[in-house]
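These values consider heavy atoms only, across backbone and side chains, with no hydrogens, waters or symmetry-generated copies.
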Amino acid sequence: MTKFEMLKEQMNNNNGYLIVSDAVKSGISKEYVSQFVKKENLEKAAAGIYVDSNTWIDSLYILSLKKKIVFSHETALYLHELTEHEPDRINLAIEKGYNASNLRKQGCRVYTISKDMFSVGLTTVKTGHGNTVPVYDIDRTVCDIINIKDKLDIQLFQYALKEYVKRKDKNLFNLMKYAKKIGIEDKVRIYTEVML
């Protein structure tokens with residue numbers, strides 16, 4: 001397989017995205033990648049990420065490629081279809097100790113999570129553009145929004161809980177397990193008794 005074919009295959013496997021770091025890891029020089037980008041008329045989507053002109057820019061996917069993040073809170077509600085509206089800002093979690101200044105400059109709402117809690121409830125979903133991104137599962141997301149209830153719009157909060165109750169994929173055992181780990185077991189128990 002030629003380098004050109006390898007880069008084309010990488011783009012096909014990434015829904016039209018060329019990720020320079022992946023190309024370099026596979027043994028293709030940055031110079032060759034640069035020539036490929038020019039020859040194929042690729043557009044820069046972000047630093048080190050290029051797309052062909054037919055690819056819709058997916059900001060959530062691009063963000064997930066560049067950073068060690070998990071979409072959480074209102075963005076997780078949106079990705080899980082537990083809200084009626086797209087959030088005004090991207091909400092994400094990072095592990096404690098990670099420098100989030102660049103994420104905040106980009107307008108993201110950043111939640112710093114302890115190392116032992118960072119991967120609790122971690123899963124993936126497809127964005128509206130068909131790209132897979134990391135997100136907390138619906139049970140962890142409900143715990144997270146109950147934990148910050150006073151900072152959320154009350155209608156958003158109530159709608160999310162009503163939709164959660166209707167979901168066949170909810171897992172009340174996981175909900176209570178996560179609540180206990182987060183330290184909000186009593187709060188979650190009150191809401192689940194009212195919801196069910």
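Qualifying side-chain contact (heavy atoms from CB on, under 4.5 Å) partners for Ser29, counting only residues two or more places apart in sequence or in other chains: Glu31, Tyr32. By the salt bridge (Lys or Arg N to Asp or Glu O under 4.0 Å) test, Glu40 is found to be paired with Lys8, residues two or more places apart in sequence or in another chain being considered. Lys115 meets the salt bridge (Lys or Arg N to Asp or Glu O under 4.0 Å) test with no other residue; sequence neighbours excluded. Qualifying side chain to side chain donor-acceptor pair (under 3.5 Å) partners for Arg167, counting only residues two or more places apart in sequence or in other chains: Asp169. Considering only residues two or more places apart in sequence or on other chains, Tyr159 meets the side-chain contact (heavy atoms from CB on, under 4.5 Å) condition with Glu84, Glu163. With sequence neighbours left out, Lys180 forms a side-chain contact (heavy atoms from CB on, under 4.5 Å) with Glu185. With sequence neighbours left out, the salt bridge (Lys or Arg N to Asp or Glu O under 4.0 Å) criterion links Asp116 to no other residue. Shown here are the salt bridge (Lys or Arg N to Asp or Glu O under 4.0 Å) partners of Asp139, two or more places apart in sequence or in another chain: there are none. For Met6, the side-chain contact (heavy atoms from CB on, under 4.5 Å) test picks out Met1, Ser26, Ile28, with sequence neighbours left out. Qualifying side chain to side chain donor-acceptor pair (under 3.5 Å) partners for Tyr78, counting only residues two or more places apart in sequence or in other chains: none.
Expressed to the nearest 0.5 Å, how far CZ of Arg189 lies from OG1 of Thr192 amounts to 7.0 Å. The distance from atom CG of Leu42 to atom CG of Leu7, rounded to the nearest 0.5 Å, is 9.0 Å.
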*Show your reasoning for whether salt bridge (Lys or Arg N to Asp or Glu O under 4.0 Å) applies to Glu74 and Arg89.*
CA-CA 9 Å; Glu74 292 170 67; Arg89 292 167 51 174; over 6 Å; no

_Walk me through whether His73 and Arg109 qualify under side chain to side chain contact (heavy atoms under 4.5 Å, CB included)._
CA-CA 10 Å; His73 298 79; Arg109 183 176 292 127; over 6 Å; no

*With ring-ring contact (aromatic ring centres under 6.0 Å, His included) as the test, would you mind laying out the steps for Tyr191 and Phe157 before giving the verdict?*
CA-CA 11 Å; Tyr191 283 107; Phe157 180 77; 5.4 Å; yes

*asked:* As a quick check of understanding, evaluate side chain to side chain contact (heavy atoms under 4.5 Å, CB included) for Leu77 and Leu156, giving each step before the final call.
replied: CA-CA 9 Å; Leu77 289 176; Leu156 172 92; 4.3 Å; yes

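The main-chain N or O of Thr132 is never found under 3.5 Å from a side-chain atom of Lys126 such that the two would form a donor-acceptor pair. Asp137 contributes no side-chain N or O that, together with a main-chain N or O of Leu122, makes up a donor-acceptor pair within less than 3.5 Å. A donor-acceptor pair under 3.5 Å links the side-chain atoms of Tyr136 to the main chain of Phe118, judged by distance alone. Under a 3.5 Å cut-off, the side chain of Ser34 and the backbone N or O of Lys30 do not form any donor-acceptor pair.
If you check the side chains of Asp58 and Thr127, you find a donor sitting under 3.5 Å from an acceptor.
Around atom CD of Gln106, more than 12 heavy atoms belonging to other residues, nucleotides or ligands sit under 6.0 Å away.
Residue Ile57 is found in a hydrophobic cluster whose other members, listed by chain and number, are Tyr17, Ile19, Ile49, Val51, Leu60, Tyr61, Ile62, Leu63, Leu65, Ile69, Phe71, Leu79, Ile90, Leu92, Ile94, Tyr98, Leu103, Val110, Val125, Val133, Val135; membership requires side-chain heavy atoms under 4.5 Å apart, directly or through intermediates.
Within the structure, side chain to side chain donor-acceptor pair (under 3.5 Å) pairs that include any residue of residues 142-156 comprise Arg140-Asp144 (at least two apart or interchain).
Nearest heavy-atom pair, Asp52 versus Met11, reported as atom, atom and distance to 0.1 Å: N-CE, 4.0 Å.
Looking only at side-chain heavy atoms (C-beta outward), Met117 and Ile182 come within less than 4.5 Å of each other.
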